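Owing to the predicted nature of the structure, the values given are computational and were not obtained by experimental measurement. Atom set for the values below is all heavy atoms of this structure, side chains included, hydrogens, waters and symmetry mates excluded.
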Amino acid sequence: MNLKNWMYLFWTTLAVGAAGSLIVGLLMQWTDTLNMNGATDILVNIAVLLGVGAMVSVYSQMGFFAYLMLNYMGNGVFSRRTWQYIQLGLAVLAWLELMFFRLFVGREGKGTSDIIFGMILLVIAVGVAYFKVKMTHSSAWIPTLFFMTAFTILEIVGVLKIGVDQATLWIAAPLIACNAYQILILHRVLKPQNTYKPPQQQGLVNE
């Protein structure tokens with residue numbers, strides 16, 4: 001990962017987050033009763049939506065690089081199979097935390113909303129993992145599922161505590177889009193498509 005590749009990943013992820021926030025925000029406002037008084041209000045509203053999406057993308061990138069470091073250390077400390085089991089177990093625990101533990105243990109959840117969000121996140125994570133495997137190697141299944149579930153839930157937990165579905169949707173949509181984009185594009189950033197060959201080694205960076 002050189003500076004040029006990192007800058008490409010940074011700015012493209014920034015664009016994904018800004019676009020995701022803008023689209024979701026405008027759709028939410030279109031179904032609401034928000035009134036815009038003139039072109040100034042419209043431009044300010046668009047600027048706010050883009051700004052929030054940009055900040056969410058930076059937050060997503062922090063989580064992504066934190067996972068890359070964790071994955072690197074995990075592969076160094078544990079065997080490949082053991083580290084996969086650990087990631088799978090942590091992903092399941094994070095998913096259960098979102099859907100059930102917050103409600104029945106911490107009394108923080110919102111029941112149906114958390115369950116629906118958890119199911120949607122799981123479907124998206126499986127879909128992203130499927131495409132990651134198609135583009136790289138079967139060993140990318142568990143790391144992708146782990147990142148898309150455990151790290152997304154960890155990143156979104158602060159918004160979930162607010163307990164407002166609209167706020168959760170506004171932040172979660174661009175965050176998930178940024179996470180999915182980064183995990184899917186990583187191998188293309190590190191190695192050009194015309195020279196890339198799916199490796200047989202473990203590790204998300206090589207997957």
Side-chain angles (χ1 to χ4, degrees), residues 1-10 12-13 16-17 56-102 105 117-158 160 172 174-207:
M1 175 69 78
N2 56 36
L3 182 60
K4 180 180 178 180
N5 291 338
W6 178 79
M7 290 300 295
Y8 173 81
L9 183 62
F10 175 82
T12 53
T13 305
V16 170
V56 169
S57 76
V58 173
Y59 187 53
S60 169
Q61 292 181 66
M62 292 172 59
F64 184 60
F65 279 94
Y67 173 67
L68 292 179
M69 294 174 60
L70 176 65
N71 186 69
Y72 179 79
M73 291 186 292
N75 283 317
V77 174
F78 305 102
S79 67
R80 176 185 178 185
R81 186 174 298 274
T82 300
W83 178 232
Q84 287 182 334
Y85 286 149
I86 292 173
Q87 290 181 91
L88 186 60
L90 292 175
V92 172
L93 286 175
W95 188 64
L96 292 176
E97 163 69 16
L98 171 65
M99 296 184 61
F100 302 110
F101 295 162
R102 293 179 64 251
V105 179
F117 179 64
M119 295 302 297
I120 293 174
L121 180 60
L122 180 62
V123 171
I124 294 174
V126 171
V128 172
Y130 171 79
F131 285 109
K132 183 67 177 181
V133 168
K134 293 286 286 185
M135 291 187 291
T136 57
H137 189 262
S138 59
S139 59
W141 258 112
I142 293 179
T144 305
L145 282 174
F146 175 48
F147 174 69
M148 288 301 300
T149 53
F151 269 73
T152 299
I153 292 171
L154 181 64
E155 291 167 341
I156 202 66
V157 68
L160 292 174
L175 178 65
I176 293 173
C178 289
N179 285 349
Y181 171 77
Q182 290 177 99
I183 200 78
L184 290 174
I185 202 69
L186 181 63
H187 66 279
R188 296 179 184 271
V189 172
L190 297 180
K191 294 184 179 181
Q193 186 174 8
N194 58 351
T195 61
Y196 176 75
K197 294 180 180 180
Q200 302 298 323
Q201 304 296 326
Q202 82 274 15
L204 183 59
V205 173
N206 292 325
E207 293 169 355

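None of I153, L122, L98 except one satisfies the side-chain contact (heavy atoms from CB on, under 4.5 Å) rule with F117; the exception is L98. A side-chain contact (heavy atoms from CB on, under 4.5 Å) with S60 is found for one member of I176, L175, V16 and no other, namely L175.
With rounding to the nearest 0.5 Å, the separation of CD in Q84 from CZ in R81 is 7.0 Å. One finds the OH atom of Y59 at 10.0 Å from the CG atom of N179 (value rounded to the nearest 0.5 Å). Atoms CZ and OH, from R80 and Y85 in turn, are 11.5 Å apart once rounded to the nearest 0.5 Å. Expressed to the nearest 0.5 Å, how far CG of L186 lies from CE of M135 amounts to 10.5 Å.
Side-chain N or O atoms of W141 include none that pairs as donor or acceptor with a backbone N or O of V133 at under 3.5 Å. Using modelled atom types, no side-chain atom of K132 and backbone atom of T144 make a donor-acceptor pair closer than 3.5 Å. Judged by distance alone, with hydrogens and angles left aside, the side-chain atoms of E97 form no donor-acceptor pair with the main-chain N or O of L93 at under 3.5 Å.
I185 is not listed as a side-chain neighbour of T12, based on a closest heavy-atom distance of 4.5 Å or more. Side-chain contact between K134 and Y130: present, with at least one pair of heavy atoms (C-beta onward) separated by less than 4.5 Å. Counting heavy atoms from C-beta outward, F146 and N71 have side chains that stay 4.5 Å or more apart.
A 6.0 Å sphere centred on CE of M69 holds no more than 12 heavy atoms belonging to other residues, nucleotides or ligands. In F10, the CZ atom is crowded: over 12 heavy atoms of neighbouring residues, nucleotides or ligands sit closer than 6.0 Å.
Nearest heavy atom pair, residue L9 against residue Y181, reads CD1-CE2, 4.3 Å. Shown here for Q87 and I142, the closest heavy-atom pair between the two residues is CB-CG2, 3.8 Å. Heavy atoms only, all atoms of each residue included: C178 and T13 are closest at SG-O, 3.6 Å. Across every non-hydrogen atom of M148 and L121, the tightest pair is O-CD1, 3.5 Å. Closest of all the heavy-atom pairs between G17 and S57 is CA-CB, 4.1 Å.
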Worksheet entry | Intermediate values then yes/no, side-chain contact (heavy atoms from CB on, under 4.5 Å), I183 and F151 | CA-CA 12 Å; I183 200 78; F151 269 73; over 6 Å; no
Fill in: M62 and E155: CA distance, side-chain angles, deciding distance, side-chain contact (heavy atoms from CB on, under 4.5 Å) verdict
CA-CA 10 Å; M62 292 172 59; E155 291 167 341; over 6 Å; no
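The aromatic rings of Y67 and F147 are tilted relative to each other, their planes meeting at an angle between 30° and 60°.
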